[in-house]
Amino acid sequence: MPNMNMVQALNSAMDIMLTRDPSVVVLGEDVGYFGGVFRVTESLQKKHGAYRVLDTPIAEGGIVGAAVGMCANGLRPIAEIQFADYIYPAYDQIVSEVARLRYRSAGAFSAPLTIRTPCGGGIRGGQTHSQSPEAVFAHVSGIKTVMPSNPYDAKGMLIAAIEDDDPVIFFEPKRVYNGPFDGEPDKPAQSWAEHPKAEVPEGYYTVPIGQAAVTREGSALTIVTYGTMVHVSLAAAEALGLDAEVIDIRSMVPLDIDTIAASVSKTGRCLIAHEATRFAGFGAELSASIQEHCFWNLEAPIMRVAGWDTPYPHAFEWEYFPGKRRVMNALRRLMGEAA
Amino acid sequence: MPNMNMVQALNSAMDIMLTRDPSVVVLGEDVGYFGGVFRVTESLQKKHGAYRVLDTPIAEGGIVGAAVGMCANGLRPIAEIQFADYIYPAYDQIVSEVARLRYRSAGAFSAPLTIRTPCGGGIRGGQTHSQSPEAVFAHVSGIKTVMPSNPYDAKGMLIAAIEDDDPVIFFEPKRVYNGPFDGEPDKPAQSWAEHPKAEVPEGYYTVPIGQAAVTREGSALTIVTYGTMVHVSLAAAEALGLDAEVIDIRSMVPLDIDTIAASVSKTGRCLIAHEATRFAGFGAELSASIQEHCFWNLEAPIMRVAGWDTPYPHAFEWEYFPGKRRVMNALRRLMGEAA
Amino acid sequence: MTSRFHVPAVPARPGEQPDFSYVKVAAAGDAPRPPINVPVLGTAPLAEDLVRVLDDRHRAVGPWAPKLDAETLRRGLHTMMLTRAFDDRMQRAQRQGRITFYMRSLGEEAVSAAAAIALRDGDMLFPSYRNQGLFLSRGLSLVDLMSQLLSNSHDMCKGRQLPVMYHSAERRIFSISGNLATQFPQAVGWAMAAAIKGETDIAAAWLGEGSTAEADFHHALTFAKVYKAPAVLNVVNNQWAISTFQGYAGGEQRSFAARGPGMGIAGLRVDGNDFLAVYAVTAWAAERARAGHGATLIEHVTYRAGAHSTSDDPARYRPKDEFDAWPLGDPVDRLKSHLVTLGEWDDARHESLSKELDESVTGAWHEAVSYGTLNEGPRLDPSLMFEDVFKELPPHLLAQRDELLAELAERGESDHA
Amino acid sequence: MTSRFHVPAVPARPGEQPDFSYVKVAAAGDAPRPPINVPVLGTAPLAEDLVRVLDDRHRAVGPWAPKLDAETLRRGLHTMMLTRAFDDRMQRAQRQGRITFYMRSLGEEAVSAAAAIALRDGDMLFPSYRNQGLFLSRGLSLVDLMSQLLSNSHDMCKGRQLPVMYHSAERRIFSISGNLATQFPQAVGWAMAAAIKGETDIAAAWLGEGSTAEADFHHALTFAKVYKAPAVLNVVNNQWAISTFQGYAGGEQRSFAARGPGMGIAGLRVDGNDFLAVYAVTAWAAERARAGHGATLIEHVTYRAGAHSTSDDPARYRPKDEFDAWPLGDPVDRLKSHLVTLGEWDDARHESLSKELDESVTGAWHEAVSYGTLNEGPRLDPSLMFEDVFKELPPHLLAQRDELLAELAERGESDHA
Ligand SMILES: Cc1ncc(C[n+]2csc(CCOP(=O)(O)OP(=O)(O)O)c2C)c(N)n1
Ligand SMILES: Cc1ncc(C[n+]2csc(CCOP(=O)(O)OP(=O)(O)O)c2C)c(N)n1
Ligand SMILES: [Mg+2]
Ligand SMILES: [Mg+2]
């Protein structure tokens with residue numbers, strides 16, 4: 001099986017779907033001739049033509065608005081928003097249109113649209129190239145919200161998203177595009193080469209949306225996380241030699257609460273970790289849901305490790321980023337706080 | 001002391017601030033000559049002139065964008081968004097500009113802007129006149145988010161918001177504009193006339209932002225809520241004869257977690273109630289925070305009563321709205337589930 | 001120095017004399033009709049001007065006069081009169097508390113009725129909430145429309161939408177949104193898709209002049225220009241946006257149509273109360289789009305003769321008798337007079353059609369009400385509330401549905417107790 | 001039928017011959033100069049045209065030729081040369097890994113340098129990320145700008161912003177946003193406030209032609225038109241938006257300036273590499289705004305000679321030698337030649353100024369670096385991260401700050417272990 005990094009895996013997913021399904025189109029800023037600022041759409045226009053892979057004006061609201069209309073005319077668009085930090089101009093079209101269309105028309109119209117967007121920090125991008133806004137989408141009824149953490153899932157989930165008859169916001173944690181990242185910036189960059197999840201079939205396959213993955217089994221505590229923080233969490237647990245179960249939720253909506261609750265009920269302890277700012281972040285929903293499901297099994301308060309409640313500051317990348325040390329500290333507290 | 005409904009109280013707050021502070025201006029769709037679709041800005045233009053109270057083009061993004069520029073030129077704008085359901089076109093200006101300006105310029109510029117907007121259901125407004133989007137603002141670092149539940153707080157908090165040097169999103173639960181609402185649609189409409197919180201001083205006063213109110217003291221359980229649901233929660237607790245403590249959080253950001261935690265630590269039981277959809281709603285943050293603060297005092301899982309995770313449906317207003325019965329059922333479960 | 005802050009002028013407020021001197025009414029027949037492949041800039045004068053076909057003596061004159069047979073003209077009149085009868089009855093139904101909300105198109109019926117005839121059945125329509133004429137012209141049944149207004153057991157929206165937010169996939173009319181202007185870039189996207197697929201259908205969209213200030217208006221124009229999308233983009237300038245005069249959308253001393261050529265797409269300004277003129281410019285723009293010459297922005301100059309909606313009271317912000325002073329008249333009267341002039345219509349037929357339409361509206365209303373109203377008769381199953389959020393019900397919605405059903409069962413019991 | 005889907009043409013891709021035949025270069029001095037109170041439509045031809053002052057023999061000709069003394073011209077040249085020297089050095093600093101990111105304005109220095117002189121010191125500027133010339137012209141120190149780039153202990157942004165996102169409340173330059181176009185309606189709001197307060201200052205804003213597609217461009221034009229806001233709105237059409245040619249923003253066979261008159265505000269199109277022309281149109285628009293005749297949209301036709309940013313490689317999407325073929329030349333060379341022609345400048349002075357500027361840039365760099373870089377030397381206190389989110393630190397941020405400080409203390413210990 002070939003080895004792919006996440007960029008290649010995502011590219012392969014779109015290439016396959018453009019080939020299999022004539023209704024699939026790709027559109028976004030710089031995605032066509034240039035192949036995208038992260039090269040995720042590289043060579044797709046060359047291969048599938050300028051009618052299938054469209055460079056667009058710089059108008060995120062227009063991109064999504066036009067994509068909704070394309071859906072109504074039988075296409076299945078994949079829209080790229082260049083950075084998740086720039087998705088807000090499209091927020092009205094997403095919340096008021098994409099998310100509501102099936103409902104308000106009682107199924108007469110729908111928006112089987114995939115919105116891909118790179119998110120997250122760790123690349124010295126400052127406050128406008130580092131955000132993780134998944135929570136403000138997860139709260140909106142009618143859209144699915146996902147974030148894969150590795151090449152295998154990225155490809156399989158992107159194909160699943162494209163085939164999904166519901167709209168999917170597909171967040172791509174850009175820090176792990178080219179290699180996993182354990183939250184220690186001073187260590188040499190890792191590549192996907194040796195990672196088992198970088199073994200990616202060349203052809204078509206799907207990873208279902210709405211299913212969490214138990215990335216590491218354990219019995220002492222559960223770490224519930226997603227995106228780049230999956231790797232950081234694994235590294236932290238291993239550094240402490242903890243028998244942690246690590247759950248990569250992969251999909252925020254629908255949320256696979258059963259897998260999560262089963263784990264927390266078993267371990268009795270839970271740490272939630274994400275990059276997004278903490279206050280009213282997606283970790284809050286995870287904590288609230290887990291508490292509702294597992295209250296009688298909890299041996300300690302559910303904890304959250306997250307980005308601080310500030311914009312993402314350029315100079316303090318590694319003071320801001322919830323890295324390995326911060327996760328380790330939280331894990332220590334979580335284990336020490338037994339009743 | 002005169003008796004005011006919430007519309008009059010809000011109008012009075014703006015009238016006073018327009019009079020006291022020449023830098024205050026009001027702008028929005030239909031707010032000028034007409035006085036606003038809910039009449040909250042009635043006669044303000046007549047009194048303070050068309051330079052201070054501006055009718056605007058129908059462009060929520062433009063209203064907020066222009067208001068940011070006004071702030072940079074020393075004004076203190078109060079922008080009305082006609083319905084909270086229509087705030088999304090302004091989401092980028094709010095998230096990327098209003099919320100970040102002070103931070104990114106290290107205090108050189110700031111946006112002391114108040115954005116007023118009617119929210120919530122119960123008025124047969126269908127999915128585009130009933131939404132409660134507070135969670136997607138509460139998650140954004142750099143803006144304060146508040147929602148008063150009665151005329152006294154409405155006026156005092158609006159004056160506080162206008163005077164606040166930080167931006168404030170000021171949600172107005174429109175179902176209680178003209179009278180409290182206990183969640184029973186079949187009962188005759190109530191007016192504010194007899195309500196103690198409708199005794200509103202004519203002049204200037206403030207109710208500080210960031211402080212919760214203990215609306216009813218009790219020891220058996222705590223209901224943490226805000227907006228219209230304060231009234232519904234009170235009615236439900238009273239109908240059950242429960243010794244419930246009811247906390248009106250009033251302000252989501254900053255959140256007065258101390259008052260809330262003190263109460264839940266005392267009662268050991270907590271119900272969170274809001275109109276917004278449940279999943280990843282603000283109740284999730286409340287639940288997560290309370291659990292973190294009060295874990296060792298909790299005698300039952302923290303529960304949430306909220307809007308269902310669907311758009312707000314026109315025909316099913318009272319099946320959707322988390323009314324008195326739904327709150328009562330939750331309270332019963334909460335009391336029954338003691339360890 | 002006097003202040004440089006400009007507050008747009010409003011011609012007349014309650015108690016004042018209506019003043020439409022700002023509306024420059026060109027003579028019918030004056031405007032030239034360029035070929036459909038005219039370069040964009042060739043339309044610039046027409047975007048300032050006002051295309052009018054019906055003259056003071058009710059004749060169709062000038063190069064824009066379409067060659068429509070009497071049957072088609074009568075069909076147009078029929079749609080307009082039906083629209084008015086329907087609006088009138090539904091307005092009363094709202095006053096009687098049978099429906100929660102309504103929006104009439106009084107005075108601007110020609111905009112929808114003429115366009116529907118000028119476009120082909122395969123063309124996709126993206127209406128605003130004031131285009132009921134499109135649905136009526138494309139043959140949706142009154143009962144279906146009324147059932148939506150009633151949120152009853154036959155409601156096409158399954159109770160989920162505020163009244164007037166219709167749709168029809170079958171008749172190719174997109175779902176109306178309560179959020180202004182969102183349909184505009186969607187129409188352009190639809191048109192792009194048609195072109196990408198090599199199909200010949202085009203898209204048409206409508207919004208109010210007030211809504212042109214929204215971002216999506218700009219997105220639509222930009223995308224239409226860049227990809228030469230085969231779309232007809234209509235601005236219905238009915239002078240008012242709730243209480244806000246069109247000057248607040250940028251209409252002072254400038255047409256809305258001019259934004260077309262400004263952005264690089266064709267622009268036309270038309271007397272929106274002249275059925276023939278609306279037909280003619282729509283047909284021109286449709287042909288232009290279909291032939292691959294790109295989109296056209298059409299401004300329809302008309303007047304919102306009624307209140308904004310049943311929640312509105314225009315007496316608070318404009319003279320009560322403004323419509324009487326409106327220089328472009330009443331679209332129904334004007335088409336009627338034209339047909340009479342042609343010898344193809346008379347007062348008696350008009351009266352009898354009017355009565356017939358009233359009766360069919362009343363008949364339909366009785367049938368619709370028999371399918372339930374919000375408060376009486378058959379009701380939709382509340383668990384429908386959870387359907388169509390997603391194609392399939394995810395677990396959390398299943399759980400919420402069950403919780404509601406239990407609550408309702410309990411309610412039912414206590415109602416009986 | 002051939003497809004009606006239009007894909008904007010791109011004149012040349014890597015390996016192809018540069019082709020600027022789409023740029024219509026009018027002769028210098030040809031464009032008429034209307035009075036500043038000309039009605040909006042009077043500017044329509046100028047919005048298509050190209051105002052040019054410097055002719056092929058480096059003389060200032062025609063009605064737009066401004067009466068600037070040599071001192072002022074030399075000041076403009078100084079700013080442009082300083083911009084270039086600064087850009088050049090910072091580009092290298094990025095290549096050396098000293099700063100994380102940089103964006104040059106190579107080839108379009110006249111746009112900022114001329115405007116800064118044409119506007120008054122009290123006028124408020126809302127720049128994009130490619131207007132470093134405004135900061136330099138208004139006298140911000142190189143060390144201050146560099147410290148921002150370095151996020152060092154002297155950083156005006158306290159480490160919070162990506163490089164180039166400067167601001168200066170003192171010099172009246174607004175904080176640059178990483179989000180495109182947001183500054184445009186802000187500038188209009190600032191101008192509205194000035195008018196409301198009866199002050200005579202005006203606002204000026206800049207964005208790239210690619211950014212005109214964003215909603216905020218439209219918001220700005222609408223609000224500027226409705227309230228006649230005293231603002232000068234500049235579109236810097238440097239032909240490219242990262243890899244995307246200006247045709248994708250709607251520039252095919254249509255000027256960006258034309259959107260001004262389309263919306264009802266004045267529009268001017270200017271040779272953006274002609275310092276004198278940029279000065280002249282800016283001064284005209286500023287005077288118009290100040291006198292209460294409303295905003296002007298100015299399109300500056302120029303060319304982005306460098307990469308989009310240090311993260312970009314234009315060789316992937318355009319011919320390497322495009323700038324050499326660019327018909328409007330190099331703004332520095334052109335102003336230099338004009339001064340030489342006037343007898344007010346010569347090669348020796350040019351060389352020595354160039355050297356002097358390089359030295360001052362290098363000197364400033366040494367000083368700036370002494371205040372720290374991202375990785376070395378003095379650093380800002382990380383707890384600054386929590387300041388300025390709000391005016392005062394709320395309890396949850398206080399708690400988070402304390403948590404971070406504990407973590408850092410621990411890190412420090414383990415570093416020493
Ligand atoms: C995004 C958004 N903002 C505000 C509103 C509230 N609103 C509904 S209709 C309307 C006026 C629209 O006027 P216009 O576009 O001229 O259309 P008309 O009603 O005249 O047909 C407003 C402000 C809305 N529905 N959506
Ligand atoms: C809202 C938003 N969308 C996308 C981007 C990413 N982006 C940064 S610069 C740029 C190109 C802008 O081109 P143009 O406006 O022509 O300015 P230029 O770089 O040519 O000066 C893009 C797409 C952004 N910063 N903000
Ligand atoms: Mg209107
Ligand atoms: Mg550019």
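Residue numbers begin at 1 in each chain, while the letters A, B, ... track the order of the sequences. Keep in mind the model is a prediction, meaning the values are calculated, not measured.
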Taking side chain as everything from C-beta outward and backbone as N, CA, C, O, which of these in [X] sits under 4.5 Å from a heavy atom of chain B? Side chain, backbone, both or neither.
X: C:Tyr317; answer: both
X: C:Leu408; answer: side chain
X: C:Asn152; answer: neither
X: C:Pro14; answer: both
X: C:Leu404; answer: both
X: C:Leu380; answer: both
X: C:Ala215; answer: neither
X: C:His396; answer: side chain

Ring centroid separation B:Phe83 to B:Phe38 under 6.0 Å |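 Distance test on ring centres: under 6.0 Å, yes.
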
Test of ring centre spacing under 6.0 Å for C:Trp240 and C:Phe245 =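 So the answer is yes for these two rings.
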
Tell me which of these, [options], has more heavy-atom pairs under 4.5 Å with chain B than the rest.
options: C:Phe217, C:Tyr248, C:Phe101; answer: C:Tyr248
options: C:Gly247, C:Gly178, C:Gly250; answer: C:Gly178
options: C:Ser151, C:Ala249, C:Pro394, C:Cys157; answer: C:Ser151
options: C:Glu214, C:Gln161, C:Arg160, C:Glu403; answer: C:Glu214
options: C:Gly208, C:Ser311, C:Pro163; answer: C:Pro163

Please look at B:Asp30 and chain C and tell me whether the side chain, the backbone, both or neither of the residue comes under 4.5 angstrom of a heavy atom of that chain.
->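 B:Asp30 touches chain C through backbone and side-chain heavy atoms alike.
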
Which portion of B:Tyr88 sits near chain C, non-hydrogen atoms under 4.5 angstrom |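 For B:Tyr88, there is no contact with chain C at all, as no heavy atom is under 4.5 Å.
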
Salt bridge or not between [X] and [Y]? Use side-chain N to carboxylate O under 4.0 Å.
X: C:Arg304; Y: C:Glu322; answer: no
X: B:Arg116; Y: B:Glu172; answer: yes
X: B:Lys324; Y: B:Glu238; answer: no
X: C:Glu387; Y: C:Lys158; answer: no
X: B:Glu184; Y: B:Lys187; answer: yes

Return the option, out of [options], with the maximum number of heavy-atom pairs under 4.5 Å with chain C.
options: B:Asp309, B:Thr56, B:Thr128; value: B:Asp309
options: B:His129, B:Glu29, B:Glu317, B:Arg39; value: B:Arg39
options: B:Gly125, B:Gly35, B:Gly32, B:Gly61; value: B:Gly125

Report yes or no: is the cationic atom of C:Arg13 (NZ for Lys, CZ for Arg) under 6.0 Å from the centre of the six-membered ring of B:Tyr33, at an angle within 45° of the ring normal?
->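 Because its charged atom sits under 6.0 Å from the ring centre and within 45° of the axis, C:Arg13 does stack over B:Tyr33.
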
Should B:Ile87 and B:Ile94 count as side-chain neighbours, where that means a heavy-atom distance under 4.5 Å?
->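 Side-chain contact under 4.5 Å: yes.
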
Would you say the side-chain atoms of C:Arg401 pair up with the backbone N or O of C:Ser383, donor to acceptor, closer than 3.5 Å?
->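 Answer holds: no.
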
Could you label the plane-to-plane angle of the C:Phe386 and B:Trp308 rings as parallel, tilted or perpendicular, counting under 30° as parallel and over 60° as perpendicular?
->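 Rings of C:Phe386 and B:Trp308: perpendicular, as their planes differ by over 60°.
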
